[in-house]
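Worksheet: one structure, shown below.
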Amino acid sequence: MSSPITEIPQRGNLTSVPAPTLPASDRKGLSKKELAADNPTWCPGCGDFSVLALYFKLIEKRKMWHEKITTVAGIGCSSRFPYFVQAHGAHYIHGRALPFASGISLSRPDLHVFVFGGDGDAFSIGGNHFNHTARKNIKMTYVVMDNWVYGLTKKQTSPTSPLGFKSKTDVSGAVDYPINPMKQAIAAGATFVARTTHSNPAHVMQMMEAAMDHDGFSFVECLSECVEFYEGAFDASNPRKGGVFNLVPVNHDVTNEMAAYKLADEPFPGSFGIFYKVTKPTKNTKESAINTAAMEKVKGLKDWQVLQKSFERMK
Ligand SMILES: Cc1ncc(C[n+]2csc(CCOP(=O)(O)OP(=O)(O)O)c2C)c(N)n1
Ligand code: SF4
Ligand SMILES: [Mg+2]
């Protein structure tokens, strides 16, 4: 019996499909035990643990199976993520997780592609890839574990470090204005933009679920404390540390770009939740239509005949 689990789309028939949430079936969902690959090497207390635990929970809850998910990352403490997941994925080049994930998403739209990484990976070396993946609306979920510092390389200023932050690259305090990931994502054309924090696991889970259900490029900024090099960075957003955790107002219109910018402009700790969400055709769908039309033109021909036709055109 054919099942949606085993079907792999053929070239020319690639359509953007919803996240692989399958109805309860005879097949059991993966458990955390089956998903945990290795003992994470993060420092005790690092916010990244929370994101990993919630990713396992998400896969378990939504009954996603190994052959339907892929976990991709660049380089950094947060980008070690795929090492700790017993599933298909790649720990790729610094800043290049998104182009790698784009290739996977466009060639296998039946998969759900999750990308994890840090603020340096996303907004320094990977800054351009972030903008272009967002504007192309390539279907994937990108979770940036923002700790406002380069953790792996032991405390350099990152693009999200606030002014005055003392680091090995700014010994007397950061002088460059930080970027605002939410504004940047909206301006670049991301069709789903949300903000959460590792200290509120239920909210992280809610945002990751909403992101994976979005048909397009979904971006989640997740504050994730680096206890080693930026302890207390997010205390003002954590009620357990005397801070406040404010949800996006219930009357916020997620399709209103200007309203989303206004939320993104709030001073720290700001609001948490979905800032922006619109429906637009994905590159996956558009490319699939182009592929189908191209395949139609060479229908019935053998591969060598298709090749010969291409050579003839080049003469
Ligand atoms: C091409 C290249 N340049 C620089 C580095 C060094 N490097 C590794 S991780 C990193 C920054 C990591 O910061 P971030 O992405 O914020 O991740 P975190 O460790 O904070 O989770 C840098 C500069 C590298 N590995 N490759
Ligand atoms: S250095 Fe910071 S970001 Fe890296 S594992 Fe340790 S606490 Fe986490
Ligand atoms: Mg970082």
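Note that the structure is a prediction, hence the values are computed from the model and not measured. For reference, positions follow the sequence shown, starting with 1. All ligand and atom numbering here is 1-based and tracks the order in the structure.
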Self-check item: Atom indices of ligand 1 within 4.0 angstrom of Leu152 heavy atoms, with elements
Solution: 9 (S), 19 (O)
Self-check item: Distance from atom 15 (O) of ligand 1 to nearest protein heavy atom, with residue and atom
Solution: Asp121 N, 2.7 Å
Quiz prompt | Structural part of Tyr230 in contact with ligand 2, heavy atom criterion under 4.0 angstrom | solution = neither
Quiz item: What is the ring orientation for Tyr142 with Phe217, classed by angle as parallel under 30°, tilted 30 to 60°, or perpendicular over 60°?
Solution: tilted
Exercise. May I ask you to check if ligand 1 and Asp48 share an N or O to N or O distance below 3.5 Å?
Key: no
Quiz item: Considering only heavy atoms from C-beta outward, does the side chain of Met140 approach that of Leu98 to under 4.5 Å?
Solution: yes
Quiz item: Which atoms from ligand 2 have a heavy atom of Asn147 less than 4.0 Å away?
Solution: 3 (S)
Quiz item: Side chains of Trp148 and Phe165: closer than 4.5 Å at any heavy-atom pair?
Solution: no
Practice problem: Taking the side chain as every heavy atom from C-beta outward, state whether Lys139 and Val113 have any atom pair closer than 4.5 Å. | Solution: no
Quiz item: Which is closest to atom 21 (O) of ligand 1 by heavy-atom distance: Gly95, Gly74, Ser78?
Solution: Ser78
Quiz item: Which residue supplies the protein heavy atom nearest to atom 25 (N) of ligand 1, what is that atom called, and how far is it?
Solution: Ile75 CG2, 3.8 Å
Quiz item: Parallel, tilted or perpendicular: which describes the rings of Phe275 and His252, with under 30° parallel and over 60° perpendicular?
Solution: perpendicular
Quiz item: Which of these, Glu221, Gln206, Arg195, sits in a side-chain contact (heavy atoms from CB on, under 4.5 Å) with Phe272?
Solution: Arg195
Quiz item: Is the distance between atom 2 (Fe) of ligand 2 and the nearest N/O/S atom of Cys226 smaller than 2.8 Å?
Solution: yes
Exercise. Please state whether the rings of Phe84 and Trp42 are parallel, tilted or perpendicular, taking 30° and 60° as the class boundaries.
Key: perpendicular
Quiz item: What atoms of ligand 1 come within less than 4.0 Å of a heavy atom belonging to Ile125?
Solution: 1 (C)
Quiz prompt | Geometric class of the His91/Tyr83 ring pair [parallel <30°, tilted 30-60°, perpendicular >60°] | solution = tilted
Practice problem: Pick, from Cys77, Ser158, Ser124, Cys226, the option with the minimum heavy-atom distance to atom 18 (P) of ligand 1. | Solution: Cys77
Exercise. Please work out whether the ring planes of Phe116 and Phe81 are parallel, tilted or perpendicular, with thresholds of 30° and 60°.
Key: parallel
Practice problem: Using a strict cut-off of 4.0 Å, indicate which atoms of ligand 2 neighbour a heavy atom of Cys46. | Solution: 3 (S), 5 (S), 7 (S), 8 (Fe)
Practice problem: Measure Val149 to ligand 1 on non-hydrogen atoms and call it side chain, backbone, both or neither using the 4.0 Å cut-off. | Solution: backbone
Practice problem: Drop me the distance from Thr196's OG1 to Met145's CE, to the nearest 0.5 angstrom. | Solution: 12.0 Å
Quiz item: Is Cys43 close enough that one of its N/O/S atoms sits under 2.8 Å from atom 8 (Fe) of ligand 2?
Solution: no
Quiz item: Who gets closest to atom 4 (C) of ligand 1 by heavy atom: Arg80, His94, Gln156?
Solution: His94
Quiz item: Do Asn238 and Thr197 have side-chain N/O donor and acceptor atoms under 3.5 Å apart?
Solution: no
Quiz item: Considering only heavy atoms, does Leu152 approach ligand 2 within less than 4.0 Å through its side chain, its backbone, both, or neither?
Solution: neither
Quiz item: When you check the side-chain N and O atoms of Tyr150 and Thr169, is any donor under 3.5 Å from an acceptor?
Solution: no
Quiz item: Any idea which atoms of ligand 2 are less than 4.0 Å away from a heavy-atom of Phe229?
Solution: 1 (S)
Self-check item: Interfacing atoms of ligand 1 (cut-off 4.0 Å, heavy-atom, Asn147)
Solution: 18 (P), 20 (O), 21 (O)
Practice problem: Between Thr153 and ligand 1, find which residue part has any heavy-atom pair under 4.0 Å and reply side chain, backbone, both or neither. | Solution: side chain
Quiz item: Counting from 1, what ligand 2 atoms have a heavy atom of Val227 closer than 4.0 Å?
Solution: 7 (S)
Quiz item: What are the atoms of ligand 2, with element, lying closer than 4.0 Å to any heavy atom of Cys77?
Solution: 1 (S), 3 (S), 4 (Fe), 5 (S)
Quiz item: Is any side-chain heavy atom of Pro181 less than 4.5 Å from a side-chain heavy atom of Asp119?
Solution: no
Quiz item: Taking N or O atoms only and a 3.5 Å limit, does Asp119 qualify as a polar contact for ligand 1?
Solution: yes
Practice problem: For the residue pair Leu106 and Lys283, establish whether any side-chain heavy-atom pair is separated by less than 4.5 Å. | Solution: yes
Quiz item: Quick one: nearest non-hydrogen protein atom to atom 14 (P) of ligand 1, plus distance?
Solution: Gly120 N, 3.5 Å
Quiz item: Counting both backbone and side chain atoms, is some N or O of Gly151 under 3.5 Å from an N or O of ligand 1?
Solution: yes
